[in-house]
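Just so you know, residue 1 is the first one in the sequence shown, and it goes up from there.
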Amino acid sequence: MRKIAIIVFVGLLPMLSQAQSFAKYEDMKDVDAMVMTSKMFKMLAKVDLSDDNPEAREYLKLIENLDEIKMFTSTTASVRSEMQKDVESYLNSNNLDQLMRVKEDGKNIRFYSKSGKRDNYVSELFMFMEGEKEGEPISVILSITGEIDLSQLSRLTSDLKIPGAEELKNVENKS
């Protein structure tokens with residue numbers, strides 16, 4: 001029984017360490033962090049809308065099915081280097097498919113996803129951006145988890161003013 005417990009623990013260790021590798025950025029001095037949880041999305045989904053606005057209802061349906069949005073940005077070279085290493089480690093140990101790569105205007109943006117329960121849905125959308133924003137070097141890690149409708153996602157990220165949101169308009173065509 002003890003051997004089984006050790007094997008299970010060792011098997012889960014990489015997943016636990018990866019979850020912690022991004023959580024550490026929340027408390028770093030040189031990192032801007034935004035974390036929205038499912039409680040926030042459920043609260044937003046309870047907003048009463050009139051029946052004559054189907055677009056707004058679709059938008060609320062999207063956010064109601066989200067679990068979490070995490071975004072970490074930094075312009076500090078040492079933190080950016082650490083982010084890059086943590087992203088590579090995360091991608092190597094998780095089952096994410098690359099959706100697309102974009103290189104333009106001094107930015108390298110890569111999008112990854114985990115398949116969802118239905119077509120055009122993913123359970124995780126992960127983005128890593130390196131480059132420059134307004135002439136300053138920047139790195140951005142974005143992770144969105146839940147039951148994510150790719151056709152609605154670019155609108156959400158645009159509303160949240162997430163770097164790389166413009167490129168998400170093309171993701172739904174790549175899924």
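- Residue Val35 forms a side chain to side chain contact (heavy atoms under 4.5 Å, CB included) with just one option from Glu26, Met71, Met40, and that option is Glu26.
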**Request:** Applying side chain to side chain contact (heavy atoms under 4.5 Å, CB included), run through Ile148 and Leu66 and close with a yes or a no.
**Result:** CA-CA 7 Å; Ile148 305 161; Leu66 296 180; 3.7 Å; yes
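- Side-chain contact between Ile69 and Leu142 is present, with heavy atoms from C-beta onward closer than 4.5 Å.
- Within the 4.5 Å cutoff, the side chain of Val102 has no heavy atoms near those of the Lys107 side chain.
- Counting heavy atoms from C-beta on, the side chains of Val87 and Ile141 come closer than 4.5 Å.
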**Item:** Asn120 and Asp149: CA distance, side-chain angles, deciding distance, side chain to side chain contact (heavy atoms under 4.5 Å, CB included) verdict
**Value:** CA-CA 6 Å; Asn120 207 41; Asp149 181 351; 3.5 Å; yes
**Item:** Check against salt bridge (charged side-chain N to carboxylate O under 4.0 Å, His left out), Arg110 and Glu88
**Value:** CA-CA 12 Å; Arg110 297 177 289 162; Glu88 293 304 320; 3.1 Å; yes
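- Looking at Ser93, its side chain does come within 3.5 Å of a backbone N or O of Ser89 through a donor-acceptor pair.
- Taking CG of Asn65 as the reference point, atom NZ of Lys117 lies at 9.0 Å (rounded to 0.5 Å).
- Of the possible donor and acceptor atoms, none in the side chain of Ser139 sits under 3.5 Å from a partner among the backbone N and O of Ser74.
- Annotation: the span from Asp67 atom CG to Ser123 atom OG amounts to 9.0 Å, rounded to 0.5 Å.
- Nearest heavy atom pair, residue Leu91 against residue Leu96, reads CD2-CD1, 3.6 Å.
- The distance from atom OG1 of Thr75 to atom CD of Glu132, rounded to the nearest 0.5 Å, is 11.5 Å.
- To the nearest 0.5 Å, atom OH of residue Tyr112 and atom CG of residue Leu99 are 10.0 Å apart.
- At a cut-off of 3.5 Å, with distance as the only test, no side-chain donor of Ser113 or Glu124 sits close to an acceptor on the other residue.
- Between the CD atom in Glu104 and the CD1 atom in Ile109 there is a gap of 7.0 Å [rounded to 0.5 Å].
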**Request:** Under the side chain to side chain contact (heavy atoms under 4.5 Å, CB included) rule, what do Val79 and Tyr25 come out as? Steps first, then yes or no, please.
**Result:** CA-CA 9 Å; Val79 175; Tyr25 294 112; 4.2 Å; yes
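- Salt bridge present: Lys70 and Glu68 bring a charged side-chain N and a carboxylate O closer than 4.0 Å.
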**Prompt:** How far apart are the C-alpha atoms of Phe72 and Met34, what are their side-chain angles, what is the distance that settles it, and do they pass the side chain to side chain contact (heavy atoms under 4.5 Å, CB included) test?
**Reply:** CA-CA 7 Å; Phe72 306 104; Met34 180 199 68; over 6 Å; no
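- Taking the six-membered ring for Trp, Phe22 and Phe126 have ring centres closer than 6.0 Å.
- No salt bridge links Lys114 with Glu147; every basic N to acidic carboxylate O contact stays at or beyond 4.0 Å.
- Classification of Asp86 and Lys24 as a salt-bridged pair holds, one side-chain N sitting under 4.0 Å from a carboxylate O.
- Shown here is Asn92, whose CG atom has more than 12 heavy atoms of other residues, nucleotides or ligands within 6.0 Å.
- Scanning all heavy atoms of the two residues, the minimum distance from Phe111 to Met127 falls at CE2-CG, 3.5 Å.
- Interatomic distance, OG of Ser78 versus CG of Asp30, reported as 6.5 Å (0.5 Å rounding).
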